[in-house]
Each structure stands twice: as C-alpha cells, then as structure tokens.
Amino acid sequence: NGGMPDLSSVPLGAMLLVAAGWAVAPLAGGAVAMWLGGEKGTYCMWAVAALFAIVVIINLLQFHHPVWMWVVGILAPVPAALLGGRLIKRR
C-alpha cells in the first residue's frame with residue numbers, strides 16, 4: 001500500500017460516518033455560503049464545493065480507503081454543496 005496507513009481495522013460504522021460527513025458537511029457549507037454570500041453567494045457556494053472536494057481527495061490519498069469510499073468521496077462533495085446552496089436560494 002505504499003506506506004499509507006491501512007483502514008482495514010476501522011469499524012464499518014466509523015467509515016460510514018466519515019463518508020456521510022463528506023456529503024453532509026459540504027451540503028451545510030454550501031447552504032451557509034449561499035446565505036452569507038449575498039449577491040456573491042453562488043461564487044461562495046462553488047468555493048465551498050471546490051474546497052471540500054480538494055480536502056476529501058487529499059484525505060483519500062493519505063490513507064488506504066476501500067473503493068466505495070473513493071466513489072463517495074469523489075462524487076458527493078460538489079453536488080452536496082450545490083444542493084445546499086440551491087435549498088437556501090429557493091427561500
């Protein structure tokens with residue numbers, strides 16, 4: 001595994017909680033960015049989406065994650081942040 005720490009001994013529930021955080025945190029972040037950003041809310045929301053995506057990818061590269069966590073980590077943050085922003089924008 002190239003010297004990366006192995007997460008195989010971590011309980012599944014803990015990994016599910018981390019993966020859920022990769023979706024819930026950007027959802028909340030996108031909503032807050034849109035809410036606080038005013039006229040620039042869309043740009044702030046995209047910045048939050050990009051930041052979360054970068055941080056998750058860094059995390060994925062630092063530890064040996066199961067394949068399903070790679071899928072969630074790559075696919076969840078950006079759409080979640082955009083959804084959070086849209087939920088606020090509709091109000």
Looking only at heavy atoms, the pair that brings Ala80 and Ala23 closest together is CB-O, 3.2 Å

All heavy atoms of Gly73 vs all of Trp22, minimum pair found to be CA-CE3, 3.5 Å

Interatomic distance, OH@Tyr43 vs CE@Met34, rounded to 0.5 Å, equals 11.0 Å

CD1 (Ile58) and CZ (Phe63) are apart, to the nearest 0.5 Å, by 12.0 Å

Here the gap from Leu12 atom CG to Leu17 atom CG, rounded to the nearest 0.5 Å, amounts to 11.0 Å

dist Met15:CE -> His65:NE2 (nearest 0.5 Å) comes out at 9.0 Å

Output for pair (Leu83 CG, Ile88 CD1), nearest 0.5 Å, gives 10.5 Å

Less than 4.5 Å apart, side chain to side chain, heavy atoms only: is that true for Leu60 and Ile74? yes

Note to self: I'd like to know if Val10 and Trp70 are part of one continuous hydrophobic network [Ile/Leu/Val/Met/Phe/Trp/Tyr, side-chain heavy atoms within less than 4.5 Å].
What the structure shows: yes

Residues Pro77 and Pro26: closest non-hydrogen pair is O-CB, 3.5 Å

Val55 and Val48: same hydrophobic cluster, using ILVMFWY side-chain contacts below 4.5 Å?
no

Heavy-atom closest pair (Cys44 atom, Gly37 atom, distance to 0.1 Å) is SG-CA, 4.1 Å

The reported gap from CZ in Phe52 to CG in Leu27 (rounded to nearest 0.5 angstrom) is 10.0 Å

| message | Is there a path of hydrophobic side-chain contacts, each under 4.5 Å between heavy atoms, that joins Met45 and Val78? | response | yes

